[in-house]
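Chain letters run A, B, ... following the sequence lines, proteins first, then strands; residues in each count from 1. Note that the structure is a prediction, hence the values are computed from the model and not measured.
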Amino acid sequence: MDARFHRPKTQIKVIDNASRTNKFASKSRRKRGSFVERTLATLVSKTESALFAEQLAQADGFLQKLDPRVKIVGLLALILAATLARNIFTILFVFAVAVLLAVLSRVPIRTLATRAWLSALFFTGMIALPAIFLTTGDALLRLPLLDWTITAQGLTSAFYLISRVETTVTLSLLLVLCTLWTHVLKALRVLRVPVVFVVILGMTYRYIFVMLETAQNMFEARQSRLVGALGASESRRIAAASVGVLLSKSFYLNSEVYLAMQSRGFRGEVYTLDEFKMQRRDWFALTGFLSISLFAFWLGRQDSLATLLNFN
Amino acid sequence: MHIPDGYLSPVTCAVLYAAAAPFWAIALNRVKKLLNTRLVPLLSVFAAFSFVIMMFNIPLPGGTTGHAAGIAIAAIVLGVWGSVLAISVALLIQALFFGDGGITAFAANSFNMAIVGSLVAGAVYRIVAGRAELASTRRVVAAGLAGYAAINAAAFCASIEFGIQPMLFQDASGAPLYAPYPLSIAVPAMMIGHLTIAGLAEMIVTAGVVAYIQRTDVSLLKLTAPDAPAANSVETPGWRSTKALWIGLAALMILTPLGLLAAGTAWGEWSAEDFADPAAREQIAAASLNQAAPTAPPEGLARLADIWTSPIPDYAPAFMNSPEFGYILSAMFGTGIIIAFFLLCSWIARIISGGRKISPTEDAN
């Protein structure tokens, strides 16, 4: 059952192809083609990133070897410690732990930088930037021409937001990149998520790729029949009609799947096989995760540290 | 709209988990009763559908693009409770497997989009559509409005969640720990983007999809409108619906003098002179729970009042003798400027993209 044991040899190649197509996808997006092309690029890059995650999840690293339950509980504890922290020092400490975990799990730093850090920095940075002027507090610096004042509290709060988002995004990306999705699902049972939900989640994840492919085919078919640029209202009509077609197709798919399930004896009850076994390594890792998280939690409560690394 | 981890405090997230849990339980019960064994495949496939359409680029008037969340589509086709579950599942998949939206913020995102969004979309659709025929234009308009209302209600909830963070959570030095903006900034900042771009994208997609369903498979609309008469005459519904919107807009412009009937000045829209005028001060006090207004205008108001004097002060041009007529003229002028602005934007966008526009008939070949 464990996919680690029958790993095909061609995987590295697939990773290569994935990143190459990804580049292609982002290039065509930069070209600002029609909305059809842009939607296609988004659909392709979503599939690629999921494929890439699946490849990496089977690599030989620290997090990959752990029991998924330990991984989920441990990474969630670290995320919680980072969100609870009341000083920046603690957030940076958890961030360092996250980067260390990434290195131990052979997750390329470049992947983290492009998929998590840069996009989070750009998005959250834009949101946090005005806060350095708008938050009331002790004035640090006055911008000469605009007469805007940078406050210590504002700068600190912008730093809080950015560092916290970077840390939690890194941790959740590590969970995505280092765990097979089937394992995440099973481990969710440990967190008392009802079985029905877990099964629905699993089936949804499978059908997302069917739907992504269907949508991709639809847009490719449209794109290959296009000569010249589309008018705006025509584009909107196509967009709405594509959603409509996809909706009808999903209903059709639903009844097909339902019949298939019924013919295999589905009567509404759901069973999952719990086959994880905790090994000594897992117990060590769990203890490690929890003690680091508890330490970070304690550290985060120390208001005396608030002056350290803060701007006031 | 997907709130990442780090923007909301864990306490807020916990409260929202508690708030969302009963809705999830009710939804699961209701849907289970209705669907029985069909529940699992239907929700799975529909959640996958919601996930995929969130990735579609929707071209908007004016040359920009937006993304639709498809909340109202789910609420119209699956019913409110089915939509609550399907959208929640789609959000959880996004958080767990694709890193969009936070894991601790999952309940917040579900509460805003899946729960509040679906409930608002269902209510608006039901009220506006009434007992109209399944294939009627009124249902297209209702769907568009439902989409617009749903996404804005969700954004409003998110902005409130953001806005209360700096009040409740600060570090020892008084610096906000999470989202740094108070309600007075968070609400307008969130709402401007959603009242325009995101709301428009949602409106276009929802109305367009319902119009499409009416042409192809009208039975899909039956679930949320069981007592609607079946369509016997196919009267080519669909994008003609915009005509109804234009008529509505014109009617609103003609009805603008109703604004003159409203007593007093709008709350908060006082000018610096109003603080010196005893009659105006009385109105301010009456509208503000009998709080007497300060005798002098607030310093900031006085300082900023003269920066911008509008070309048509108080909506009536100086040369106009009748204020009513001037008011209507101002309404038409204002709406005209907005429409002209969007036309100008789309014209510029077309020139920049250098695209040759082709007619729909050419494209069909």
Portion of B:I73 that has a non-hydrogen atom of chain A nearer than 4.5 angstrom: side chain

B:Y178 side chain to A:Y160 backbone, donor-acceptor under 3.5 Å: no

A:T83 side chain near B:S9 side chain, heavy-atom distance below 4.5 Å: no

Top contributor to chain B interface from A:Y258, A:F123, A:Y207 [non-hydrogen pairs under 4.5 Å]: A:Y258

Which atoms of B:I103 approach chain A - backbone, side chain, both or neither, heavy atom under 4.5 Å: side chain

Side chain A:N254, main chain B:L42, donor-acceptor under 3.5 Å: yes

Side chain, backbone, both or neither of A:A131 within contact of chain B (heavy atoms, under 4.5 Å): both

Top contributor to chain B interface from A:V257, A:L253, A:I162, A:V243 [non-hydrogen pairs under 4.5 Å]: A:V243

Pairs of heavy atoms under 4.5 Å with chain A: top-ranked of B:G102, B:A189, B:A48: B:A48

A:L188, part contacting chain B, at a heavy-atom distance under 4.5 Å: side chain

Aromatic ring proximity B:F56/A:F219, centre distance under 6.0 Å: yes

Side-chain donor-acceptor contact under 3.5 Å, B:S44 with A:Y205: no

Residue part contacting chain B, namely of A:T124, when any heavy atom lies under 4.5 Å: both

Side-chain heavy atoms of A:V169 within contact of B:D5, under 4.5 Å: no

Side-chain heavy atoms of A:L247 within contact of B:Y212, under 4.5 Å: no

Structural part of A:M211 lying under 4.5 Å from a heavy atom of chain B: both

Heavy-atom proximity to chain A below 4.5 Å, by part of B:Y7: both

Structural part of A:A128 lying under 4.5 Å from a heavy atom of chain B: backbone

Residue A:V210 versus chain B: region with a heavy atom under 4.5 Å: neither

Rounded distance [0.5 Å steps], CZ in B:F169 versus CG in A:L84: 10.0 Å

Structural part of A:A158 lying under 4.5 Å from a heavy atom of chain B: neither

Option that, when pairs with chain B are counted at under 4.5 Å, heavy atom only, ranks first among A:A215, A:P130, A:A85, A:A120: A:P130

Chain B contact via A:I200 - side chain, backbone, both or neither, heavy atoms under 4.5 Å: both

Chain B interface, residue from A:V184, A:I72, A:I91 that has the most non-hydrogen pairs under 4.5 Å: A:V184

Closest heavy-atom pair and its distance - A:T168, B:G6: OG1-N, 4.5 Å

Among the listed options B:L96, B:I213, B:T104, the residue most often paired with chain A at heavy-atom distances under 4.5 Å: B:L96

